[in-house]
Amino acid sequence: MVKTLSDSLTYGKKILKPFFVLCVLLALSGIKTEVFAEKKGPEPDIKVGERLFFGLIPSGEGSASCVSCHAVHSGDSINWNPSAVEMAKVAAEMDLATFKEHLLTPTGAMREKVHVKYQLDDEQLFHLQGYLVQLSENGVEDAPISINKLLIFLLLGGLMTFALVDLIFTKKIPYKAIHVLIIVFGLSFQLKLVAHETIDLGRSQDYMPDQPIKFSHKVHAGDNKIDCLYCHSNADEGKSSGIPSAGLCMNCHQVVRNGTNSGQFEIAKVVDAYENNKDIEWVRIHNLPDHVFFSHAQHVNVGKRECQECHGDVENMHILKQEHDLSMGWCLDCHKATNVNFKDNDYYKTFEALHKDLDEGVRDSIKAADIGANDCMKCHH
Ligand code: HEC
Ligand code: HEC
Ligand code: HEC
Ligand code: HEC
Ligand code: HEC
Ligand code: HEC
């Protein structure tokens, strides 16, 4: 019971003591988190960084948003600028001072041209780099289109089932034309969806995947007139043409370090692969099934065919794409239509009867098919 002043004081002390201890503890832990936070440093605001990247927060008058060059998705035509994720991987490794320098006071012919007019303070640069670190780790999230497509697919399925059930059993809708319409439209939409999804799968005509380095046949075989066989020397004597190694690239890129279109970024990858003995993981474009035998030497060396007859205008392609479908019909048609240089090539000496026909004027030309190129066993061992 509280009766006197001193009583109430001791009572107060009783309450105050634990309260005081609690305060000290809290203060200590506060200091502790402060110290801890000091060690870890402030966290970047990823959202602000993302807005800066996409140009939703102005980054200087007349400056372009990062995403306008460092694209998030790849398109049909070549984009020489580093993709967003590739750029982010490089940016994530930089300290803030280097990152700042690359954007605000860039050196190097290409960077001086593209990174201009940025007015970003240290805090904004910090947030921007924070976003890029995240981007380099997580990549770009795919738009949820495929989920929508799946939903449409299932909905159509449900609608068609309903129409079918009603047509046969429940018979609620009086006109049969309505059932038929629903089923026909539903099916054709579903087929269209399926076709769209599968076209992207596997090997096909016009196939042109993203490559690890933006290697352009137009720049090399076209503008700089480098012979196809300089890089694909195996085509002349071997079954396959082969893709050159980084070592061969370095014959020139030991010296050439700046590309007119891509700056230093792409060529730096070649140098990195060479110096660190890494394979460049080119994505293979042409691919016959295993049960088909095809030899380049047979066509290039013996048959004297030009690369372009089968691969198209390669010297004008920035991104190489498959020109023909590589179907059996494509092979057979050319064998039926193409003359072989019969007279001057020792390779055909053994075809005595054909030589006689040619000499006596019974035939005026010998096609590849005439010398057995269309026998099943020639292509299917
Ligand atoms: C006009 C196009 C363009 C814009 C806009 C642009 N960049 Fe770049 N960026 C490039 C090109 C091209 C390169 C390759 C330069 C080189 O390697 O010579 C590059 C390289 C980079 C690199 C790799 C390091 C380096 O300098 O080689 C980083 C990091 C980078 N950009 C960040 C950014 C950020 C962040 C923004 C937005 C604030 C941005 N870029 C805006 C074109 C652009
Ligand atoms: C400087 C070296 C170089 C030269 C010259 C060159 N190529 Fe290539 N070629 C490559 C590299 C590297 C690849 C792999 C990257 C790609 O597919 O673009 C390749 C890929 C190809 C492919 C696709 C291979 C696949 O994956 O199916 C074909 C076809 C091809 N080259 C044909 C040609 C023809 C035809 C020429 C001449 C007009 C030529 N190349 C000149 C380096 C070269
Ligand atoms: C015979 C010399 C030679 C060889 C071999 C060669 N290159 Fe090049 N490369 C060049 C020249 C020349 C350029 C153009 C430089 C310029 O734009 O001024 C170039 C440009 C490039 C560019 C930048 C294109 C641009 O316009 O920005 C890349 C990337 C490249 N080469 C990759 C490769 C790869 C990968 C290989 C090996 C498969 C290779 N090069 C082999 C001579 C060569
Ligand atoms: C008669 C048609 C034909 C001609 C001519 C031809 N190719 Fe091919 N090429 C093909 C076919 C078919 C493939 C796919 C082979 C496979 O998958 O086994 C191919 C594949 C390739 C590849 C992929 C990699 C490899 O090793 O097979 C390259 C590179 C290539 N060709 C380059 C060339 C070059 C360079 C020339 C000219 C010197 C040339 N081709 C001439 C039909 C041809
Ligand atoms: C651009 C025309 C052309 C195309 C396309 C073509 N070939 Fe040929 N092929 C020839 C010619 C010409 C010869 C005759 C050269 C020779 O004597 O071997 C030949 C010969 C052959 C032979 C050798 C026959 C023998 O006498 O030993 C085989 C095997 C062959 N081709 C397979 C294929 C396959 C597989 C394809 C399709 C993937 C194909 N060719 C596509 C033109 C073509
Ligand atoms: C000039 C080369 C060539 C000759 C000759 C040839 N084929 Fe083919 N064949 C091919 C190619 C290339 C493919 C692969 C087609 C594809 O993947 O679309 C193929 C595929 C096939 C297939 C598999 C079909 C499929 O859809 O994959 C069969 C079966 C076949 N050939 C049978 C034959 C028979 C039987 C003969 C003889 C009458 C014959 N081939 C002669 C090149 C040839």
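Start at 1 and go down the list; that is how both ligands and their atoms are numbered.
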Assess whether atom CZ of F162 is packed by more than 12 heavy atoms of other residues, nucleotides or ligands within 6.0 Å. no

Residue R284 vicinity, atoms of ligand 2 by number, heavy atom under 4.0 Å: 26 (O)

Atoms of ligand 2 under 4.0 Å from any heavy atom of I226, numbered from 1 in the order shown, are 5 (C)

Measure N287 to ligand 2 on non-hydrogen atoms and call it side chain, backbone, both or neither using the 4.0 Å cut-off. neither

Has ligand 2 got any nitrogen or oxygen that is less than 3.5 angstrom from a nitrogen or oxygen of H311? no

In this structure, are over 12 heavy atoms from other groups packed under 6.0 Å from D359 atom CG? yes

Only heavy atoms of Q211, strictly under 4.0 Å: list the atoms of ligand 2 that pass. 16 (C), 17 (O)

Do F293 and H291 make the cut of ring centroids closer than 6.0 angstrom? no

Set out, in order, the CA-CA distance, both residues' side-chain angles and the distance that settles side-chain hydrogen bond (donor to acceptor under 3.5 Å, both in side chains) for K367 and N339, then state yes or no. CA-CA 4 Å; K367 312 282 182 203; N339 289 340; 2.8 Å; yes

Check the angle between the aromatic planes of F351 and Y348 and answer parallel, tilted or perpendicular using the 30° and 60° thresholds. tilted

Quick check on K356: does its NZ atom have over 12 non-hydrogen neighbours (other residues, nucleotides or ligands) under 6.0 Å away? no

the protein heavy atom lying closest to atom 12 (C) of ligand 2 turns out to be W282 CZ2, 3.7 Å

Closest protein heavy atom to atom 26 (O) of ligand 2, given as residue, atom name and distance to 0.1 Å: I285 N, 2.8 Å

Enumerate the atoms of ligand 2 whose separation from the nearest heavy atom of D227 is less than 4.0 angstrom. 5 (C)

Tell me whether M377 reaches ligand 6 (any heavy atom closer than 4.0 angstrom to a ligand atom). no

Which distance, rounded to the nearest 0.5 Å, do you find between the CD of E323 and the CD1 of I285? 12.0 Å

Nearest non-hydrogen atom to atom 14 (C) of ligand 5 belongs to which of V340, N374, V292, D375? V340

Identify the protein heavy atom lying closest to atom 35 (C) of ligand 5, giving its residue, its atom name and the separation to 0.1 Å. F293 O, 3.6 Å

Using heavy atoms and a threshold below 4.0 Å, how should the contact between K378 and ligand 5 be classified: side chain, backbone, both, or neither? both

Atom NZ of K278 and atom OH of Y274: how far apart are they, to the nearest 0.5 Å? 15.0 Å

How about CZ on F54, more than 12 heavy atoms from neighbouring residues, nucleotides or ligands closer than 6.0 Å, or not? yes

Checked atom 8 (Fe) of ligand 2: protein N, O or S atoms closer than 2.8 Å come out as H217 NE2, H232 NE2

Suppose I only count heavy atoms of L332 and a 4.0 Å limit; which atoms of ligand 6 are within that range? 1 (C), 4 (C), 5 (C)

Would you say L120 ends up clustered with V90 if hydrophobic residues are merged whenever their side chains have heavy atoms under 4.5 Å apart, either directly or through other cluster members? yes

N-O pairing of K171 and D166 below 4.0 Å: no

Give the numbers and elements of all ligand 5 atoms closer than 4.0 Å to a heavy atom of I371. 17 (O), 26 (O)

Rounded to the nearest 0.5 Å, what separates atom CD in Q129 from atom OG in S136? 9.5 Å

If you scan protein heavy atoms around atom 15 (C) of ligand 5, the nearest is Y348 OH, 3.5 Å

Suppose I only count heavy atoms of E309 and a 4.0 Å limit; which atoms of ligand 5 are within that range? 1 (C)

Just wondering, more than 12 heavy atoms not from Q308 lying within 6.0 Å of its CD? yes

Answer whether the closest heavy-atom distance between the side chains of V314 and L320 falls below 4.5 Å. yes

Determine, using heavy atoms of C379 and all atoms of ligand 5, whether some pair is separated by less than 4.0 Å. yes

Chi angles and distances behind the side chain to side chain contact (heavy atoms under 4.5 Å, CB included) call for V292, H380: CA-CA 5 Å; V292 181; H380 303 290; 3.9 Å; yes

Protein N/O/S count near atom 8 (Fe) of ligand 5 (criterion: distance under 2.8 Å): 2

Take a 6.0 Å sphere around CD of E123 and say whether it holds more than 12 heavy atoms from other residues, nucleotides or ligands. no

Any chance CZ of F185 has more than 12 other-residue heavy atoms, nucleotides or ligands included, within less than 6.0 Å? no

Would I319 count as a contact of ligand 2 if the rule is a heavy atom under 4.0 Å away? no

One residue to check: P289. Relative to ligand 6, which of side chain, backbone, both or neither has a non-hydrogen atom less than 4.0 Å away? side chain

So, E86 and K89, do they make that salt bridge, N to O below 4.0 Å? no

Would you check, one step at a time, whether the test side-chain hydrogen bond (donor to acceptor under 3.5 Å, both in side chains) holds for S216 with H318? CA-CA 4 Å; S216 159; H318 277 311; 2.9 Å; yes

H380 near atom 8 (Fe) of ligand 6: N/O/S under 2.8 Å: yes

